[in-house]
Amino acid sequence: MTELPRIPLAGVIGHPIAHSRSPALHGFWLKRYGIKGHYIPMDVAPADLKQALAVLPKVGFVGVNVTLPHKEAALALADVVTDRAALIGAANTLIFRKDGKIHADNTDGTGFVANLRQHAPKWTAAAGPAAIFGAGGAARAVIAALIELGVPEIRLSNRTRHRAEALRADFGARIQITDWVQAGNMVQGCTLVINTTSLGMAGKADFRVPLDAITPDMVVTDLVYTPLMTPFLIEARDRGAQIVDGLGMLLHQATPGFERWFNHRPEVDDQTRAAVLGL
Ligand code: NAP
């Protein structure tokens with residue numbers, strides 16, 4: 001009897017996972033391109049991650065996205081790690097190779113840059129300093145990408161100062177740290193202003209740093225995308241800045257994984273956004 005080809009499976013592992021928009025995104029692409037495959041949300045507790053990663057390749061999975069709280073642990077469990085994932089210290093995309101090895105990558109930084117390129121094409125890295133609020137995992141990915149692009153100076157402020165200092169230790173003197181109580185001051189003269197904190201996200205505290213130094217020549221972007229128009233972006237828009245919401249980063253960070261798992265480079269366009277927003 002001839003063996004039928006296996007239908008490729010991929011998915012996203014998190015804990016919790018019900019809020020994830022990734023299944024809607026990959027599901028839309030699979031349908032759009034007529035690909036036989038499935039993308040499944042999986043709620044995996046931290047204690048079960050290792051076992052899950054051992055079993056999934058054996059039951060037809062070609063890879064997975066990993067999200068909170070598994071990004072660091074997934075990197076540690078991988079056999080092969082890209083340079084950028086190692087630099088960031090976290091993985092968001094795993095490929096289960098045919099030789100049984102797990103390949104880990106981090107596409108958050110390239111997703112961030114692709115979103116800027118798409119929605120603020122006139123912004124150039126060399127034009128001036130960038131101001132970043134927050135020094136968590138997402139900030140690491142954004143900083144790695146901005147340094148690679150050649151941003152001359154990165155001004156960084158985080159509520160917990162030592163996390164910002166850890167980033168400067170890893171990424172070097174191009175990073176200037178400002179105390180959180182004075183965070184608004186670092187914005188003046190920047191060409192790019194980024195919120196990488198979870199402030200402003202539905203269910204989290206409000207973003208309260210004064211933004212009166214924002215001017216119309218700046219590009220302002222928020223990694224938070226629930227809600228899509230955060231109070232941070234609304235204030236920046238009211239001050240005349242060009243704003244870029246965080247949904248595009250989510251869409252673009254997903255493209256390398258989809259391409260590797262399903263052999264088709266997906267497009268990020270208005271229809272993709274609408275599908276993920278459930279419009
Ligand atoms: P994380 O590692 O937990 O970092 C959270 C950051 O928010 C830290 O800088 C933290 O400061 C700060 N923060 C939290 N509560 C705060 C408060 N009350 N006051 C001041 N600062 C506060 O999380 P992450 O992975 O970096 O993610 C950060 C945000 O980016 C999340 O909203 C996430 O959904 C979003 N994100 C979006 C994308 C996308 O594709 N658009 C990708 C990745 C992440 P401390 O260090 O002082 O705690």
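Residues take their numbers from the sequence shown, with the count starting at 1. First listed ligand is number 1; within each ligand, the first listed atom is number 1.
Checking atom 45 (P) of ligand 1 against the protein gives a heavy-atom contact under 4.0 Å. There is a protein heavy atom closer than 4.0 angstrom to atom 8 (C) of ligand 1.
At least one N/O-N/O distance between Ala138 and ligand 1 falls below 3.5 Å. Checked by distance only, ligand 1 and Thr160 come closer than 3.5 Å through their nitrogen or oxygen atoms. At least one N or O atom of Arg163 sits closer than 3.5 Å to an N or O atom of ligand 1. Residue Leu247 has no N or O atom closer than 3.5 Å to an N or O atom of ligand 1. Taking distance alone, with nitrogen or oxygen atoms compared against 3.5 Å, Tyr225 stays at or beyond that limit from ligand 1. Not a single N or O atom of Gly134, backbone or side chain, sits closer than 3.5 Å to an N or O atom of ligand 1. The shortest N or O to N or O distance between Leu250 and ligand 1 is under 3.5 Å.
A side-chain hydrogen bond (donor to acceptor under 3.5 Å, both in side chains) with Asn195 holds for exactly one of Asp222, Thr221, Thr230; it is Asp222. Residue Asn92 forms a side-chain hydrogen bond (donor to acceptor under 3.5 Å, both in side chains) with just one option from Gln253, Lys71, His70, and that option is Gln253.
Looking only at protein heavy atoms, the nearest one to atom 11 (O) of ligand 1 is Asn158 OD1, 3.3 Å. The protein atom (non-hydrogen) at minimum distance from atom 6 (C) of ligand 1 is Thr197 CA, 3.9 Å. Ranking protein heavy atoms by distance to atom 32 (O) of ligand 1, first place goes to Met201 SD, 3.3 Å. Ranking the protein heavy atoms by distance from atom 2 (O) of ligand 1 puts Gly137 N, 3.0 Å first. Looking only at protein heavy atoms, the nearest one to atom 31 (C) of ligand 1 is Ser198 CB, 4.0 Å.
The residue from Arg159, Arg21, Arg161, Arg140 that puts a heavy atom closest to atom 17 (C) of ligand 1 is Arg159. When Val142, Asp245, Leu223 are ranked by how near their heavy atoms come to atom 41 (N) of ligand 1, first place goes to Leu223. The heavy atom nearest to atom 28 (C) of ligand 1, considering only Thr196, Leu156, Ile132, is found in Thr196. In this comparison of Ala141, Gly136, Pro69, the heavy atom closest to atom 1 (P) of ligand 1 sits on Gly136.
When all heavy atoms of Met186 and Ile132 are compared, the pair lying nearest together is CE-O, 3.2 Å. Closest non-hydrogen pair, Ala213 versus Gln188, comes out as CB-N, 4.0 Å. Considering all non-hydrogen atoms of both residues, Leu25 and Ala254 come closest at CD2-CB, 3.5 Å.
Close to ligand 1: Ala135, with a non-hydrogen atom less than 4.0 angstrom away. Ligand 1 has no atom lying under 4.0 Å from any heavy atom of Phe133.
To the nearest 0.5 Å, atoms CZ (Arg273) and CG (Leu247) are separated by 5.0 Å. Interatomic distance, CG of Leu9 versus CH2 of Trp261, reported as 12.0 Å (0.5 Å rounding).
Residues Val64 and Phe96 meet the side-chain proximity criterion, which asks for heavy atoms closer than 4.5 Å. Side-chain atoms of Val209 and Leu199, non-hydrogen and from C-beta on, never get closer than 4.5 Å to each other. No side-chain heavy atom of Lys204 sits under 4.5 Å from any side-chain heavy atom of Val224.
Outside the 6.0 Å centre-distance limit, the rings of Tyr33 and Phe262 are not counted as a close aromatic pair.
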Stepwise side-chain hydrogen bond (donor to acceptor under 3.5 Å, both in side chains) test for Thr107 and Asp105: CA-CA 6 Å; Thr107 61; Asp105 194 5; over 6 Å; no
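With a 4.0 Å cut-off on non-hydrogen atoms, Met249 touches ligand 1 through its backbone as well as its side chain.
Cluster annotation: Met201 is not connected to Ile234 through the hydrophobic network of ILVMFWY side chains, with a link wherever side-chain heavy atoms come within less than 4.5 Å.
Residue Val224 has at least one heavy-atom neighbour below 4.0 Å for each of these atoms of ligand 1: 32 (O).
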